[in-house]
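Note that this is a predicted model, so its numbers are computed, not measured. Numbers restart at 1 for each chain; the letters A, B, ... are given by sequence-line order, proteins then strands.
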Amino acid sequence: MTSAAYAAPVMSWYAHHARDLPWRRPDASPWSILVSEIMLQQTPVSRVIPAHAAWLDRWPEPRALASASVADALRQWDRLGYPRRAVRLHASARLITSRHGGRVPSSAEELRSLPGVGAYTAAAVASFAFGQRRAVLDTNVRRVLARLVVGESRPAPTVSAAERLLADRLLPPDGKLAARWSVGLMELGALVCTAARPRCAECPLADQCAWLRRGYPPSPRRRRAPGYEGSDRQCRGKLLAVLRDAQGPVGASTLAAAWNDAGQRDRCLAALLADGLVTRGTDGSLGLPGDEPPRPETPGQTA
DNA sequence: CACCCGTGGCG
DNA sequence: TCGCCAAGGGT
């Protein structure tokens, strides 16, 4: 069996309902697409749209970002979340500049070797930016296929070999068509076949859906997510926010004011240093990597 | 492979 | 109110 029974309805639905997103426009560069994919990792489209525009406006190509500092990247990243993505994107820009002549590589294998680029992002960029025939398995595609074909409400926590096989089998033979198919499935998952409250009445595949046919059997409860309040994640976020908002390196007392629990604060600071999100100066001050100390007043200009 | 990594919005 | 969710990646 081919994807024929699914492809036509999905393609048609996508043609009518796709959102006009900047990184989907025909003239979107591979760099623009790569940046969008990194930003979209666990961050909603609505928040990525303005951040992506500002990023591309400031750094229109990899070379430009490569010549900036990590501190610049982290400040531009602002509050998108998971700031390690900004550090890795910056490192990727430098690798693209040094090893690929400033051009985003086109093969999934080369893309996969860039920091912050995993199986999903490598396939997405290879497919969407270069028209290569790669199955794109993100959470939306996985959920749609789990419901449509397997008849389960949610995909498994990790991608299985059977899933990859299924995705490969459904992929249209032509690279450009495959990209269209993948983005169509993703969009369907994002707008119709949503994790909560799916809109089956609007789904072009409803009459073929195994999950619907089986009466929407629920998936077993997942482990409850750990609370955020008081977590290391919140602590790290607070500390980094202080450094983002500061003009340059700050003293330990400034960071101390941002988080009461000294033990947790020190532990999180050590982790931030290990992650390359923070650097410690020779004078013991803390700052974003590449941040320069405040300019001393120019002699003669002070009163 | 389970766990960790930010942030904000929504039902 | 608060748990869940949002185009994952690294270890």
Side-chain angles (χ1 to χ4, degrees), chain A residues 18-19 21-24 28 32-52 74 77-89 91-92 111-129 134-145 153-161 167 179 182-191 193-199 218-219 221-244 259 267-268 270-272 274-278:
Chain A
R19 292 166 292 181
L21 302 174
W23 45 88
R24 284 185 186 161
S32 170
I33 291 170
L34 173 60
V35 170
S36 79
E37 293 299 342
I38 300 294
M39 288 185 167
L40 286 164
Q41 292 169 2
Q42 304 290 284
T43 301
V45 167
S46 60
R47 294 178 57 205
V48 167
I49 289 174
H52 177 266
L74 282 169
W77 195 259
D78 197 39
R79 296 185 170 181
L80 260 193
Y82 292 142
R84 293 190 292 187
R85 291 182 293 167
V87 175
R88 290 172 181 156
L89 180 55
S92 285
L111 287 161
R112 180 67 184 79
S113 72
L114 298 172
V117 176
Y120 160 75
T121 303
V125 174
S127 177
F128 302 152
R134 303 289 300 206
V136 179
L137 270 181
D138 80 320
T139 189
N140 287 308
V141 172
R142 296 186 62 219
R143 184 176 56 252
V144 171
L145 294 183
S153 71
R154 257 197 325 251
T158 57
V159 180
S160 68
S182 294
V183 76
L185 273 190
M186 289 174 68
E187 192 74 338
L188 191 62
L191 299 182
C193 194
T194 50
R197 299 169 172 269
R199 308 170 165 205
S219 295
R221 291 283 181 194
R222 283 173 298 195
R223 276 175 47 84
R224 185 173 141 274
Y228 182 69
E229 199 65 25
S231 66
D232 280 8
R233 277 151 104 158
Q234 186 187 30
C235 178
R236 291 167 55 113
K238 294 281 191 195
L239 296 179
L240 204 57
V242 168
L243 298 181
R244 267 201 317 264
W259 196 262
R267 177 158 43 83
C268 288
L272 288 170
D275 288 346
L277 288 157
V278 176

Salt bridge flag under 4.0 Å for residues A:R24 and A:E187
yes
Report yes or no: do [X] and [Y] form a side-chain donor-acceptor pair below 3.5 Å?
X: A:S219; Y: A:S153; result: yes
X: A:R88; Y: A:Y82; result: no
X: A:E37; Y: A:Y120; result: yes

When you compare [N] with [M], how far apart are their [atom1] atoms, in angstrom units rounded to a whole number?
N: C:dC2; M: B:dG6; atom1: P; result: 24 Å
N: B:dC3; M: C:dA7; atom1: P; result: 23 Å
N: C:dG9; M: B:dG8; atom1: P; result: 23 Å
N: C:dG8; M: B:dC1; atom1: C1'; result: 15 Å

Per-nt protein contacts along nucleotides 2-11 of chain C (heavy atom under 4.0 Å; B base, S backbone sugar-phosphate only, - none) come out as --SSBBBBS-
Grab the [atom1]-[atom2] distance between [X] and [N] for me, whole Å please.
X: A:L240; N: B:dG6; atom1: CG; atom2: P; result: 8 Å
X: A:L239; N: B:dG6; atom1: CG; atom2: C1'; result: 13 Å
X: A:L272; N: B:dC4; atom1: CG; atom2: P; result: 16 Å

Side chain to side chain contact (heavy atoms under 4.5 Å, CB included) with A:W77: which of A:M39, A:R84, A:R244?
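Option passing the side chain to side chain contact (heavy atoms under 4.5 Å, CB included) with A:W77: A:M39.
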Output the residues of residues 226-234 of chain A in contact with DNA chain B, where contact means a heavy atom of the residue under 4.0 Å from an atom of the strand; sort by number or write none.
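When residues 226-234 of chain A is checked for heavy atoms under 4.0 Å from DNA chain B, the hits, listed by number, are A:Y228, A:D232, A:R233.
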Quick check: do A:L40 and A:V45 have side-chain heavy atoms less than 4.5 Å from each other?
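A side-chain contact under 4.5 Å exists here.
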Side-chain heavy atoms of A:H52 within contact of A:L21, under 4.5 Å
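No. Closest side-chain heavy atoms not under 4.5 Å.
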In this structure, are over 12 heavy atoms from other groups packed under 6.0 Å from A:R199 atom CZ?
no
Quick check on DNA chain B: between A:L80 and A:P157, whose nearest nucleotide comes earlier from the 5' end?
A:P157
Which distance, rounded to the nearest 0.5 Å, do you find between the CZ of A:R19 and the OG of A:S46?
9.0 Å
